[in-house]
Protein chains: 2
Amino acid sequence: MSHPVINVDLTAKARIRQVALELFALNGSDGTSMRAISSRAGVTVGLITHHFGTKAGLIQAVEDDLLDGIANAIAYQETDESVDGVVRKLDQRLLDHIDANPLVAAYLRRMMLIEGNGAGADLTERFTRMALRQIQDLRRRGIASTSRDAEDQVMQVMLVQLGQVLMQPFVDQIAGHLGQDPQRYQLSLRKTRTT
Amino acid sequence: MSHPVINVDLTAKARIRQVALELFALNGSDGTSMRAISSRAGVTVGLITHHFGTKAGLIQAVEDDLLDGIANAIAYQETDESVDGVVRKLDQRLLDHIDANPLVAAYLRRMMLIEGNGAGADLTERFTRMALRQIQDLRRRGIASTSRDAEDQVMQVMLVQLGQVLMQPFVDQIAGHLGQDPQRYQLSLRKTRTT
DNA sequence: TCACGCACTGTATATTTGTACAATATACCG
DNA sequence: CGGTATATTGTACAAATATACAGTGCGTGA
């Protein structure tokens with residue numbers, strides 16, 4: 001109920017993006033009006049169109065930011081040396097980043113799981129390509145296993161790691177309705193290759 | 001592009017419900033206007049309000065129908081006798097029914113995975129309670145294992161069976177973007193009880 | 001100082017939405 | 001046949017929406 005929760009440390013443009021991500025993740029981009037964004041960000045609607053042109057432009061900007069954040073999170077870091085531990089580190093960094101940014105998780109969930117055909121397909125494709133690029137980068141540096149092909153490794157991290165994160169609220173919800181402790185139930189995914 | 005694909009065998013009321021489910025599953029209930037429904041169903045907007053009162057009433061009716069269909073599909077049938085095979089049969093019937101009604105799967109996916117807080121929470125709760133009722137019915141008839149508690153069995157079927165169905169498009173989509181054969185990758189879920 | 005660019009505001013507009021309602025056709029029952 | 005309930009239409013309306021645009025304030029560099 002505390003609507004004008006605005007972070008004055010950010011520029012108006014950044015604040016708009018931040019609020020937009022929040023509302024998009026919560027209610028979808030279709031379900032959030034520019035007026036709702038402007039009101040929560042403490043600006044006028046006109047400023048949004050000034051900075052981002054159109055609503056589609058704002059969505060684009062939000063997704064660019066989101067993907068940049070993930071790319072940075074899972075990028076190569078100097079501390080990565082050992083060949084075998086690096087894949088586990090990659091997985092962990094992705095999970096940490098999503099854990100630290102629940103709005104990112106919610107947005108990805110909405111887009112990747114539901115809007116598979118349509119608006120979300122683009123984001124899913126960009127995410128997939130980005131992950132593939134990062135893994136190929138690690139391979140070029142000789143610090144990611146090359147025993148399996150890169151595509152297989154991408155499927156692994158996206159389905160198993162990301163998939164579990166995306167599904168967890170579903171588990172919690174059902175456990176809640178059954179009066180069970182959600183902590184006791186965790187979903188473990190594995191991709192089975194039917195050769 | 002063949003918009004007026006109307007099934008004249010159905011009453012207008014049933015046709016409205018059918019078209020509504022289709023559009024709701026595809027674009028969400030917020031994303032589909034009553035005019036879009038009326039146009040595809042070959043009726044006027046007024047008729048929808050006449051039959052269902054309001055848009056919320058239509059959504060309610062669509063979900064009632066959907067849950068009824070599932071309840072019938074997984075209900076006790078005379079052919080069920082053996083104690084051990086009946087749980088597998090229950091799983092299979094749920095999968096068959098969802099397989100035969102992809103729109104139901106799409107609607108459930110949207111509601112249960114995304115709108116967990118909000119509109120979809122109600123449907124998820126109703127679904128969960130219905131599943132619990134069915135399993136308790138089987139137990140009362142003595143044809144479902146009572147070694148585990150019913151809640152555990154519900155979690156099993158909902159997370160493992162339903163969860164896999166809901167996630168499959170996600171797998172296919174990523175595999176498609178990686179140029180892999182989606183058939184080769186299947187997601188297998190299992191719930192781990194961290195006691 | 002002044003002119004220019006940028007952030008920002010407020011208003012106007014056309015479109016879409018859900019709902020309400022009066023009017024008409026149709027079927028059904030005595 | 002007559003009449004009443006139900007199915008169906010068409011129109012009207014207020015609210016919300018995205019976008020466009022003309023204007024205002026302000027800092028910065030020449």
Side-chain angles (χ1 to χ4, degrees), chain A residues 3-65 110-111 115 118-120 122, chain B residues 3-65 110-111 115 118-120 122:
Chain A
H3 270 205
V5 183
I6 55 179
N7 188 343
V8 284
D9 291 345
L10 293 165
T11 76
K13 192 175 180 181
R15 229 165 40 217
I16 292 171
R17 260 199 318 255
Q18 174 192 275
V19 170
L21 170 65
E22 179 178 342
L23 295 186
F24 288 170
L26 244 54
N27 310 322
S29 53
D30 284 348
T32 65
S33 63
M34 315 204 63
R35 281 168 169 78
I37 299 172
S38 77
S39 140
R40 292 222 191 188
V43 297
T44 53
V45 201
L47 189 61
I48 303 183
T49 75
H50 169 67
H51 277 304
F52 303 96
T54 164
K55 191 178 184 181
L58 174 59
I59 297 176
Q60 176 93 308
V62 166
E63 297 193 352
D64 287 351
D65 239 37
R110 178 177 293 274
M111 287 296 149
E115 318 280 2
D122 181 52
Chain B
H3 269 204
V5 183
I6 54 180
N7 189 344
V8 283
D9 293 343
L10 293 164
T11 77
K13 192 173 179 183
R15 229 165 38 215
I16 292 171
R17 259 198 320 253
Q18 174 191 275
V19 170
L21 170 64
E22 178 178 342
L23 295 185
F24 288 169
L26 244 53
N27 310 322
S29 53
D30 285 347
T32 65
S33 63
M34 317 206 62
R35 280 166 171 82
I37 299 173
S38 77
S39 141
R40 292 223 190 190
V43 298
T44 53
V45 200
L47 189 61
I48 303 184
T49 75
H50 168 65
H51 276 304
F52 303 96
T54 164
K55 189 176 184 180
L58 173 59
I59 297 177
Q60 177 94 308
V62 165
E63 297 193 352
D64 287 352
D65 238 36
R110 179 178 292 273
M111 288 296 150
E115 318 281 1
D122 181 51

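All chains are named by letter (A, B, ...) in the order of the sequence lines, taking the proteins before the strands, and each is independently numbered beginning at 1.
- Taking A:A14 as the reference, A:L10, A:T11, A:R17 meet the side-chain contact (heavy atoms from CB on, under 4.5 Å) condition, with sequence neighbours excluded.
- Counting only residues at least two apart or on different chains, no side-chain hydrogen bond (donor to acceptor under 3.5 Å, both in side chains) pair has a member in residues 20-38 of chain A.
- Between the C1' atom of D:dT17 and the CD1 atom of A:I37 lies a distance of 12 Å, rounded to the nearest Å.
- Across all their heavy atoms, B:R40 and B:V19 have their closest contact at CB-CG1, 3.7 Å.
- Residues A:I37 and A:L58 come closest through the heavy atom pair CD1-CD2, 3.7 Å.
- Among the heavy atoms of the strands, none lies under 4.0 Å from B:S38.
- If you take CZ of B:F52 and C1' of C:dT19, they are 16 Å apart, rounded to a whole angstrom.
- With sequence neighbours excluded, the residues forming a side-chain contact (heavy atoms from CB on, under 4.5 Å) with B:A25 are B:L103, B:A106, B:Y107, listed by chain and number.
- A search for side-chain contact (heavy atoms from CB on, under 4.5 Å) contacts involving B:D64 returns B:Q60, B:R126, not counting sequence neighbours.
- If you measure from atom CG of A:L23 to atom P of D:dT17, you get 12 Å, rounded to the nearest angstrom.
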message: At under 4.0 Å between heavy atoms, how does the protein contact nucleotides 3-13 of chain C? Give one character per nucleotide, 5' to 3', with B, S or -.
response: ----BBBB---
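- For the pair B:S33 and C:dT16, the criterion of a side-chain N or O lying under 4.0 Å from OP1 or OP2 is not met.
- If you measure from atom CE of B:M34 to atom P of D:dG10, you get 17 Å, rounded to the nearest angstrom.
- Across the protein-nucleic acid pair, A:L58 atom CG and D:dT17 atom P stand 15 Å apart, rounded to whole Å.
- Distance check, rounded to the nearest 0.5 Å: CG of B:L26 to CG of B:L21 gives 10.0 Å.
- Remark: P of C:dT17 and CD1 of B:I59 are 14 Å apart, rounded to the nearest angstrom.
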Listing, residues 43-53 of chain A side-chain donor-acceptor contacts under 3.5 Å, not counting sequence neighbours, or none:
from, atom 1, to, atom 2, distance (Å)
A:T49, OG1, A:G46, O, 2.8

Can you give me the N/O atom pairs linking the protein to nucleotides 26-28 of chain C at distances under 3.5 Å, or say none if there are none?
none

